Each structure stands twice: as structure tokens, then as C-alpha cells.
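Order of listing sets the numbers, starting from 1, for every ligand and every atom in it. None of these values were measured; they are calculated from a predicted model.
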Amino acid sequence: MTRISSSRMKELLQVYFVMGSQNCKRSPESTLTEALNGGITLFQFREKGPGSISGAKRMELALRLQQLCQEQSVPFIVNDDVDLALAIGADGVHIGQDDEKASKVRERIGDMILGVSAHTLEEARIAQEQGADYIGVGPIYPTSSKEDAHAVQGPKIIESMRAQDMDIPIVGIGGITSVGAARVLKAGADGVAVISAISLADDIAESVKRLQRVNIK
Ligand SMILES: Cc1ncc(COP(=O)(O)OP(=O)(O)O)c(N)n1
Ligand SMILES: Cc1ncsc1CCOP(=O)(O)O
Ligand SMILES: [Mg+2]
């Protein structure tokens with residue numbers, strides 16, 4: 001295996017669905033199935049926070065969701081838990097500034113996809129140096145899906161990273177809907193990472209398609 005190319009990573013970031021069972025109105029399996037039918041390009045298993053499950057049940061859920069992604073050839077990323085990602089043969093891992101250090105994680109996962117959260121230009125530069133394939137930047141807008149989220153930054157944070165020659169693939173996250181997505185892309189993001197605008201939608205596939213349409217404009 002070789003590291004993913006920057007151009008392929010940018011394609012995968014277009015509509016990045018992040019989800020755990022705690023985010024779903026219906027079963028996580030049917031929520032993900034509909035999102036896959038709508039055309040998500042990347043999936044992150046983020047079983048975390050109030051209402052989430054743990055232990056063997058969490059691993060079993062991860063395996064069932066991974067299978068659904070594999071059937072549609074959509075890469076499966078695990079949030080935070082490098083051990084779980086390695087145990088189930090995930091396609092990648094997403095870590096934040098309070099998680100294991102990116103350089104250590106890169107050593108452990110070899111050429112698997114590595115995503116790192118960055119809130120400042122300095123964090124973005126370090127993430128890139130330490131082997132990140134993409135960075136997640138946010139929260140761009142107010143979010144109800146993460147209790148310990150940093151301060152809202154607006155799309156300008158991505159614009160300023162691009163202005164300082166950060167050419168790493170970037171995905172914006174936090175409070176993004178089809179209404180706010182255009183500004184995130186215009187600021188220089190390669191795609192949008194979304195929890196509630198997809199997981200809580202009445203028509204999940206349609207909500208994904210709306211985000212896709214913003215992306216091709
Ligand atoms: C794509 C993407 N970007 C950012 C995050 C946030 O990661 P982190 O800061 O580690 O917070 P938690 O998600 O672990 O609560 C993400 N998960 N995905
Ligand atoms: C995981 C995460 N990291 C920064 S904001 C956020 C939550 C995004 O959820 P939503 O799309 O529902 O605002
Ligand atoms: Mg984390």
C-alpha cells in the first residue's frame with residue numbers, strides 16, 4: 001500500500017459523513033445505508049458522547065457499518081480509537097489535538113488515511129509535517145453535536161490557511177448545512193464534514209444530494 005494522493009483525498013472529502021448511534025433518529029445501519037445511497041464520499045465512525053455505546057457492542061456496530069461502506073466502496077474512518085481502527089482493518093483514523101500525537105499515530109497505522117483536527121495555522125502546519133493526509137477545520141458554524149467544541153471560527157479560518165500556502169486537503173466541519181456549505185468551499189475547503197444535517201434529516205439521501213450539488217457548483 002502507498003499513502004493516498006492529495007488529489008484522491010480531496011475527492012473523498014467532498015461529502016464526508018461523520019456519525020455514531022447517538023446521532024441517529026433511526027438505526028445507525030439504516031441511517032448510513034440511506035446516506036450511502038445519497039452519495040457520501042467518505043464515512044467516519046464517531047461513537048462518542050451522550051447516548052453512545054461502548055465495549056463489544058461498539059466494535060460490533062463498527063464492523064456492521066464498515067461492511068455497509070465496503071459494499072459501496074466508500075472508505076471507513078475511525079474517530080479517536082487507533083486500536084479499533086487497526087483491529088478491524090479500517091481505511092483510516094481521525095484524531096484531534098487532545099488525542100494521540102499525529103506522528104505516533106502515523107507510525108502505528110502505516111499508509112492508512114490519517115486525518116487531524118486543526119484550529120490554527122500552526123496546528124495545521126504541524127499536522128501536515130507529522131503525516132496528516134487531510135485536516136478537519138472547525139467548528140465553522142455553531143454546532144449541537146459536540147459538547148466540547150472550540151470557539152466558532154467561520155469560513156475565514158480556512159481562507160486564511162489557504163492564503164498562507166497551506167495546500168493540504170481541508171474539510172470544514174461544524175454546523176454545516178447545504179445553506180452554509182458554499183461559503184466553506186469558497187473559502188478553500190475541498191469538502192464538508194457533516195453530522196446532524198445528514199443524520200437528523202427526514203430524507204437522508206436527499207440531504208446528501210443537496211450537499212453534493214453545492215460541491216459541483
Ligand atoms: C473531519 C473531522 N474534523 C474534526 C473532527 C473533530 O475531532 P476532535 O477535535 O478530536 O474531536 P472529536 O470528534 O474526537 O470529539 C472530527 N471528528 N472529524
Ligand atoms: C465532531 C465535530 N468537530 C467539530 S464540530 C463537530 C460536530 C459537527 O456536527 P454537526 O455537523 O452536527 O454540527
Ligand atoms: Mg478526537
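- Every residue two or more places apart in sequence or in another chain that forms a salt bridge (Lys or Arg N to Asp or Glu O under 4.0 Å) with K146 is listed here: D148.
- A distance of 7.0 Å separates CZ in R125 from CE in M166, rounded to the nearest 0.5 Å.
- Considering backbone and side-chain atoms together, D148 places no N or O closer than 3.5 Å to any N or O of ligand 1.
- The shortest contact between atom 3 (N) of ligand 2 and any protein heavy atom is with K146 CD, 3.4 Å.
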Side chain to side chain contact (heavy atoms under 4.5 Å, CB included) evaluation trace for L32 with I40: CA-CA 9 Å; L32 178 57; I40 57 166; 3.9 Å; yes
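- Residue contact annotation: G138 has no non-hydrogen atom under 4.0 Å from ligand 2.
- Contact check for L42 versus M9: side-chain heavy atoms found under the 4.5 Å cut-off.
- Residues passing the salt bridge (Lys or Arg N to Asp or Glu O under 4.0 Å) test with K104: none are found, sequence neighbours excluded.
- Remark: ligand 2 and S144 share no N or O pair separated by less than 3.5 Å (distance only, no angle test).
- For atom 15 (O) of ligand 1, the closest non-hydrogen atom on the protein side is K146 NZ, 2.7 Å.
- Qualifying ring pair (Phe, Tyr, Trp, His ring centres under 6.0 Å) partners for F45, counting only residues two or more places apart in sequence or in other chains: none.
- Residue contacts with ligand 2: R46 is placed with no nitrogen or oxygen under 3.5 Å of a nitrogen or oxygen of the ligand (distance criterion only).
- Atoms of ligand 2 lying under 4.0 Å from at least one heavy atom of S196, given by number and element, are 10 (P), 11 (O), 12 (O).
- Classification of the H150-H119 ring pair by plane angle, with boundaries at 30° and 60°, yields parallel.
- Of the N or O atoms in T143, one or more lie within a sub-3.5 Å distance of an N or O in ligand 2.
- Nearest to atom 8 (P) of ligand 1 by heavy atom, out of A149, G138, S117, is S117.
- Contacts of Q97 with ligand 1, taken as heavy-atom pairs under 4.0 Å, are absent altogether.
- Hydrophobic clustering of Ile, Leu, Val, Met, Phe, Trp and Tyr side chains at less than 4.5 Å, counting indirect connections, unites I158 with V15.
- For atom 2 (C) of ligand 1, the closest heavy atom belonging to the protein is H94 CE1, 3.3 Å.
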Candidate pair E11 and T41, rule side-chain hydrogen bond (donor to acceptor under 3.5 Å, both in side chains), full reasoning: CA-CA 8 Å; E11 283 173 9; T41 49; over 6 Å; no
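- With a 4.5 Å cut-off on side-chain heavy atoms, E60 and L63 do not count as touching.
- Taking any N or O of I173, backbone or side chain, none lies under 3.5 Å from an N or O belonging to ligand 2.
- When heavy-atom distances to ligand 1 are checked against a 4.0 Å cut-off, V137 has no atom that comes that close, whether in backbone or side chain.
- Ligand 2 has a nitrogen or oxygen under 3.5 angstrom from a nitrogen or oxygen of I195.
- The shortest N or O to N or O distance between Y16 and ligand 1 is not under 3.5 Å.
- Neighbouring protein atoms of the Mg ion (ligand 3) (N, O or S, distance under 2.8 Å, waters ignored): D80 OD1, D99 OD2.
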